[in-house]
Each structure stands twice: as C-alpha cells, then as structure tokens.
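Within every chain, numbering begins at 1; the chains are lettered A, B, ... in the order of the sequence lines, protein sequences first and strands thereafter.
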Number of protein chains: 2
Amino acid sequence: MSRDASDQVQRESEPSEPGAELTGRLGFLFKHAQQRLYELTSAALAPYGINGRELAVLLVLDALGPTSQQDAARRLGVDRTTMVALIDALEAKSVVVRRPYEEDRRRNVVEFTERGRELFRQARAASDEAERRFLDPLLDDAAAEQLKAQLRALCR
Amino acid sequence: MSRDASDQVQRESEPSEPGAELTGRLGFLFKHAQQRLYELTSAALAPYGINGRELAVLLVLDALGPTSQQDAARRLGVDRTTMVALIDALEAKSVVVRRPYEEDRRRNVVEFTERGRELFRQARAASDEAERRFLDPLLDDAAAEQLKAQLRALCR
DNA sequence: TATTGTTATACTCTATAACTATA
DNA sequence: TATAGTTATAGAGTATAACAATA
C-alpha cells in the first residue's frame, strides 16, 4: 500500500465526482460495502458448505457453549422461529445436534458435533481471511481498526 | 484480580469484551450500523410518504434528468423489472410521471412532477439530517468524512 | 435480432400467530 | 399462565423468463 493519505480523505464536505449525489450517500455506501463483504465471505465459506448466517450461529454456540435455541436466537438478534430453520440446516449437515435438556424438557440443547467443531474452526479462519481481503483497500491496519471502532460506535 | 495469567494476557488484535467473537465481526457491525441508519432514515422520510429506495430513484432522476427506466435501473444497480415497481409506486403518488418518448417509442421518459420535485427537495433534506444524526456518535466531522472515504474505498 | 417495458413467477430472509409440550 | 420449540403463513425485496411493441 503506497498511496498518499490525501488520495483517500475527502477534503471538502461536497463530493465533486459525477453521480456523487447518489454514490456519496451513506445508505448507498453501506449497501455496496456490505455487498462486497458478502461476496467475499460467501466465496470463502462455500468450500465448507455453510453461509455467513450459519457461521454467525456457530460463533454464538462457540461463545455460549451448549445452549438453548432461544438463548442463541436472543444473542444473534433474530426471532426464535428463524433460529429453528438455521439449526435445522446445521443439523442436516451434521455440524450441530439437538439434545433434549433433561432439567427442563421444553428446551433443546444445541451443541457442536465433533466434525462440526473442526469445520467451524476452518470456516472461521476462512471468514477471517475474507475480512482481511475486504479491508485491503484501506491504508493500513490502523485504518482498519479505526473503521471497526467507528462502526461499533454507530451501532449505539 | 487474581486469575490465571493466560486470562490476563492482552492479545494483539483480539478485542476483549465478552461476546466480541460475534459482535466484533465486520458482517455483524455492518448489518447493525445499516439497520440503525435504516430506522433513522425511514422515520425521517415517513412524513413525505416515500422510503429510502424511492428516494434513491429520485436522486438518480435528479442527477440524470428525464431518463428511461432502463437507464435509471442501471444507474441504481437494480434489475429493470424492479424499476417497474419502483416507478409504479412513485407514479401512484404523483411524484413522477411516465411520458412516451417520441424518438424511440419503446421507451418511457420518467420525470418529476412539479410537486414531486418539491417533495424530493424536502425529503432529501430530511434524509441528510437523518444521516447527520446517524453519524453523531462519531467524534467530529473529520471522523465522519473519513468513514465515508473508507467506505468509498471498500466499494472497490 | 436486439431492446424497453411489462407480467408472472419464484426465491431468500424474516417476522407474526397459533399449536404442542412442558413448566 | 408462561416458556421453548415448531409449523403455517405472509410480507419485503429481489431476480429470471417470457411476452408485446418497437427498433
């Protein structure tokens, strides 16, 4: 990366490129940045047979340990009915299993299978690598970290 | 604080807050930042009876002048069949009109109505204000501009 | 043959409501 | 009564395929 910082910093507050009325808007920028991240991540995860949403479920399971579907749904910020389908898909691929929870038989415990845990480790590494490639256009690691910090601030 | 040493090691680029495995990921950050921007923008546009996608169409029309649906669709990066429905909605609200284009009668020309142009000006201002509120958690205007510059770099 | 607008259709992601079995 | 999981269903947003009119 050998570009001058001034190439990337927007000096004035009015963009001057043609079409910036649209392409300079936050909604447009977020949509397209996200689209690009989605493409990179999808390609990176394809060899493992899971998608980004399923990896997110696995990250939650890894963080929480064996968990009820409801807890995982809350943690992920999705509806519990959405979680049913996500776990269905992961269970069909033998990445996780549902176990009855004896102490409260309304619940399932969801946990990794042995090969599911190994698949998760590899898929997470592939996704990490995709994130790094996504961030590659930024100047350096400090810029990448700052972007993350700003996004964190914007999520309340 | 007398935990095992391995608990206290501050790793290099790993965030240490609980749950950061998920919430520190770019996909998660983008999704939630965008969700927040969506909520603010939706609320800001509601009084004008249009949504963010429709405002994007109007921004394209404003940038291009009277345009065919296909040109507008290309500029926006959506399918021409998607544009049909978008123009349908805007025309139903008398914000734009379709006019036959005499030089090439396969085409329509889409353009603002008089009150549509005025509504657009006000809606755009409201959306701008929503963007500013969205960016409010950032330190200052320079940080906001830098975020935009970084997003632009990430969209290729 | 190719292009513009259109319709019909389908797919993805997600949520709400209602059912069941448990508590 | 309340909760966990499930099913059925619906809505938003989008795309593909096929058609009519026109070039």
Salt-bridge test for Glu118(A) and Arg115(A): reply yes if a basic N is under 4.0 Å from a carboxylate O, no otherwise.
no
Check the distance between dC13(C)'s P and Leu76(A)'s CG and give it to me in whole angstrom.
13 Å
How many whole angstroms separate atom CD of Gln69(B) from atom P of dT3(C)?
17 Å
For the pair made of CD1 in Ile87(B) and P in dG13(D), what is the distance, rounded to whole Å?
16 Å
Nearest 0.5 angstrom please: Leu135(A) CG to Asp140(A) CG, how far?
11.0 Å
Spacing between Met83(B) atom CE and dT4(C) atom P, to the nearest angstrom
13 Å
Check every atom of dG5(D), dT14(D), dT6(C) against the side chain of Val84(B) and return the nucleotide holding the closest atom.
dT6(C)
Measuring only between side-chain heavy atoms, which start at C-beta, is Arg36(A) closer than 4.5 Å to Cys155(B)?
no
Nearest-0.5 Å distance that lies between atom CG in Leu64(A) and atom CD in Glu21(B):
9.0 Å
Rounded to whole angstroms, how far apart are CD on Gln70(B) and C1' on dT22(D)?
14 Å
So which pairs with a foot in residues 62-74 of chain A pass salt bridge (Lys or Arg N to Asp or Glu O under 4.0 Å), sequence neighbours left out?
Asp62(A)-Arg117(A), Asp62(A)-Arg124(A), Asp71(A)-Arg74(A)
Whole angstrom is fine here: how far is it from CG in Leu86(A) over to P in dT6(D)?
12 Å
Whichever of Ala85(A) and Asn108(B) has the more 5' nearest nucleotide on DNA chain C, that residue is Asn108(B)
Need to verify one output field. Residue with the more 5' nearest nucleotide on DNA chain D, Lys31(A) or Arg74(A)?
Arg74(A)
Side chain to side chain contact (heavy atoms under 4.5 Å, CB included) between Val57(B) and Met83(B): does it pass, once the steps are laid out?
CA-CA 9 Å; Val57(B) 174; Met83(B) 186 55 66; 4.3 Å; yes
To the nearest 0.5 Å, atom CG of Leu90(B) lies from atom CZ of Phe112(B) at 8.5 Å
Please state how far atom CZ in Arg53(B) lies from atom P in dA15(D), giving the value in whole angstrom units.
10 Å
Using a 4.0 Å heavy-atom cut-off, write out nucleotides 15-23 of chain C from 5' to 3' as B (base contacted by protein), S (sugar-phosphate only) or - (no contact).
BBBB---BS
Whole angstrom is fine here: how far is it from CD in Gln35(A) over to P in dT14(D)?
11 Å
